[in-house]
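Reading through the structure tokens given below for one structure.
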Amino acid sequence: MKKILIIASLLMAMTACKEKNPFLSDWDTPYGIPPFDQIKTEHYIPALKQGIAEQKKELDAIIENPQTPTFENTVAQYELSGRLLSKVVGVLFNLAETDADSTLNKVEEEANGLLTALSDETFMNKKFFERVKAVYEADQSRLTREQQMALKKLYQNFTRNGVDLDEDSQQKLKDINQQLSQAQHKFGENLLAQSNAFKEEFGIPVSAYPDEMASCTDRDRRKAMFEAYSNRANHGDEFDNKEICLQIMRLKAQKAKLLGFENFAAYQLDNKMAKDPQTVNAFLDEIMVAANKKSKEEVYDMQKVMDQDIKAGLLPAGSKIEPWDWFYYAERVRKAKYDLDENLTRPYFMMENVRKGIFYAANLLYGINVEPLENVPVYNPEVDVFKVTDADGALLGIFLTDYFPRSTKRGGAWMNNFRDQYTDKDGNDIRPIIVNVANFNAPTDSLPGLLTIDQVETMFHEFGHALHGLLTKCHYASVSGTSVSRDFVETFSQFNENWAFQPEILAQYAKHYSSGQVIPDSLVAKINNSHKFNQGFMTAELCAASILDMKWHLLSEEQLQEIDIAAFESKVCSDMGLIKEIIPRYRTTYFNHIFNSGYSAGYYSYLWSEVLDKDAFDYFVQNGVYNKDIATKFRRTFLEKGGSEEPMVLYEMFTGRQPSPVPMLRARGL
């Protein structure tokens, strides 16, 4: 009897847990915003497992359908599957990047393993592939272009994930994918710990490093900060990433070889705009030559300022510009050349006002409206929520902002989706829920959050991604919004940066935080005149990181067996002609983009996309910067179509020609 009672109690507890798990019921929150206030850490894995079970059941129904495979009964059905899983993943992985603790980290690690296994099981399923292949090889003329692109993407998911491998090779690939998932998660954990350690040691978050280096007069402190920053996860302690980096690279090389590619770079680029490593290498080499030339001129200018400090007895005779001097003396040169001091500009860039500025620019260009939403669930008190509507009042989506650093948040800035845009089985247009996350200067007891010029550009950049996600009008989630090739996606974020310092837009948002005075025209002119300043450095460190990324991913498994990371980095930098005063924007052990994100052999995308972005903006300039017809054309051609057409086809639809690199080089002063 006692045993029966225990079993009954357990069943009741399990039932109660299921009833209370917010993922397992419809959300009655405004606009379907996740009920963050109800979601607990223990809810994720049970809901994830149920979501996986449901998707497997939906997949079985597609495979067992006795009817001839068609787009509707195969691809469209798969697109609609996994709704519960999408809900869980949308919340879990966003919060794991912004509000992680040790418990959530373990949940994320377990979830990664489960999802990797599901992906392998799905895209190595030969029966499912036979149905998709039948649709792919049939006459596609009756399909819409979006359907063709969704079909192509699904087909490539199979061919690029080992569906043609024999059983033993598939098992090897599954093992590799699991090991990669675990190693990448560990890389991210170590980096977060090291970034927090940096803050403890120096009293600033890593996001404030450039600003502190630019203003710090104590050269010894600058050197100490530089060495700590540039050696994160590279100290030989429990958070050291060197062996993890090599493990990740070896696993990637093994994966590429199994799938029939010479190296991982070739595998990654096979379905991108660039197509192959040779094209990327040639592209980067040309930019690096121009960047090196310009950066040498910048060192010469900075050394002249340093020489003045030597004469004044502030530095020992013979002192030379070192990497830890760059930000400081570059700022000194900027003040001298352009009479521009960021201490004078920051008071005009209060975070809330800049955010109003990005909304104003979007309204001016695309006619959309953004209004705050109160009394809705948020995952952190620092998060603000907005409703985005079209000119006719139709809902476009929900937009969240989370702009200030926390010890639980990874560094950098990014956009992500809590919910993708798609059309459901009843024909309803499900609108997206988008978040922008950053690590801007936080408010203090005496000051609001006041942004640097770079941070203003970053806010516009990330909202460019958000616009790509909010304005999309697609039927299928796999091609909606930012679901485009990696070397195309940055085009629209970088394009949006072009509006940040337009005088007409600045006049709307750049207002002094205490007096409300609009930023003076003289200061606006100084900002815009200084845009080409320090571009040798900015381009060189970005291009150097892109080349380092490519060089890593060109290595074979054999080459990776006996390799010293420091020696490898040193040779790569020497071969590219990078001057000793500059290091790559990211060194190996903290290069999160390529070891724990989707930019492996893809960091070049920022420069590649900048060619498109600057050429597109040049098209605006030629036809009127605020030309409504051109802005509408940009929205219809790019922002609404997502990945429903090939990138270069869209680009030529917009400008009527191939992109030119000249506007990008001109904008960078190269």
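- For F654 and Y619, the gap between ring centers is short of 6.0 Å.
- Under 4.0 Å is where a charged nitrogen must lie from a carboxylate oxygen, and between D402 and K409 at least one such pair does.
- Side-chain contact check for E490 and W608: no donor-acceptor pair (N or O, by modelled atom type) lies under 3.5 Å.
- The closest side-chain heavy-atom distance from R635 to I368 is below 4.5 Å.
- A donor atom on one side chain and an acceptor atom on the other are not found under 3.5 Å apart for E462 and N496.
- Ring geometry for Y603 versus H593: interplanar angle over 60°, hence perpendicular rather than tilted (30 to 60°).
- Between Y136 and Q156 the shortest side-chain heavy-atom distance does not fall below 4.5 Å.
- For the pair D270 and K275, the salt-bridge criterion is not met [side-chain N within less than 4.0 Å of a carboxylate O].
- A donor-acceptor contact closer than 3.5 angstrom is absent between the side chains of Q455 and T458.
- In summary, K641 and E146 do not engage in a salt bridge, as defined by a charged side-chain N under 4.0 Å from a carboxylate O.
- Using cut-offs of 30° and 60° on the angle between ring planes, the pair F492 and F634 is perpendicular.
- Between F359 and the choices W499, F386, Y366, Y509, the ring pair (Phe, Tyr, Trp, His ring centres under 6.0 Å) rule is met once, by F386.
- With no hydrogens or angles considered, no side-chain donor-acceptor pair links H512 and Q517 at under 3.5 Å.
- Between M288 and A544, the shortest heavy-atom distance links the atoms SD-N, 4.0 Å.
- Taking 4.5 Å as the limit, every side-chain heavy atom of L506 sits out of range of all side-chain heavy atoms of Y348.
- No side-chain N or O of Y599 forms a donor-acceptor pair with one of D549 less than 3.5 Å apart.
- Between M459 and T401 there is no side-chain heavy-atom pair separated by less than 4.5 Å.
- No donor-acceptor contact under 3.5 angstrom links the side chains of Q658 and Y651, judged on distance only.
- Ion pairing between a basic and an acidic side chain is recognised when a charged N comes within 4.0 Å of a carboxylate O; R666 and D618 show such pairing.
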Please list every donor-acceptor pair under 3.5 Å in which a side-chain atom of residues 29-37 meets a protein atom from a residue at least two apart or in another chain.
from, atom 1, to, atom 2, distance (Å)
T29, OG1, I33, N, 3.2
T29, OG1, I33, O, 2.4
Y31, OH, K387, NZ, 3.1

Review point. Between F327 and N534, does a side-chain contact (heavy atoms from CB on, under 4.5 Å) hold up when you go through it step by step?
Key: CA-CA 10 Å; F327 287 102; N534 206 35; 5.8 Å; no
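- A salt bridge is absent between K153 and E79: the closest approach of a Lys/Arg side-chain nitrogen to an acidic carboxylate oxygen does not fall below 4.0 angstrom.
- Ring geometry, H531 versus F501: the interplanar angle falls from 30° to 60°, so the pair is classed tilted.
- In this structure, I594 and F591 have side chains that are in contact, with non-hydrogen atoms separated by less than 4.5 Å.
- When side chains are defined from C-beta on, K425 does not count as touching R83, because their heavy atoms never get closer than 4.5 Å.
- Looking at D487 and S485, their side chains do bring a donor and an acceptor atom within 3.5 Å of each other.
- Salt bridge R355/E352: absent, no basic N to carboxylate O contact under 4.0 Å.
- A donor-acceptor contact closer than 3.5 angstrom is absent between the side chains of N94 and Y379.
- A salt bridge between D420 and R431 is absent, with no side-chain N of the basic residue lying under 4.0 Å from a carboxylate O of the acidic one.
- Looking at N436 and F463, their side chains come closer than 4.5 Å, going by heavy atoms from C-beta outward.
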Check your understanding: Going through the distances and angles, do N416 and V437 end up as a side-chain contact (heavy atoms from CB on, under 4.5 Å)?
Key -> CA-CA 8 Å; N416 213 342; V437 185; over 6 Å; no
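- With no hydrogens or angles considered, a side-chain donor-acceptor pair links E504 and Y626 at under 3.5 Å.
- Residues N369 and V388 are not in side-chain contact: their nearest non-hydrogen atoms beyond the backbone lie 4.5 Å or more apart.
- In the model, N428 has a side-chain atom that pairs as donor or acceptor with a side-chain atom of D424 under 3.5 Å.
- Residues T539 and R668 bring a donor and an acceptor atom of their side chains to less than 3.5 Å of each other.
- The shortest non-hydrogen separation linking L523 to L344 is CD2-O, 3.7 Å.
- Within the structure, every pair that satisfies the salt bridge (Lys or Arg N to Asp or Glu O under 4.0 Å) test and touches residues 650-662, not counting sequence neighbours, is listed here: D615-R657.
- If you check the side chains of Q494 and S609, you find no donor sitting under 3.5 Å from an acceptor.
- There is a side-chain donor-acceptor pair under 3.5 Å between S493 and H465.
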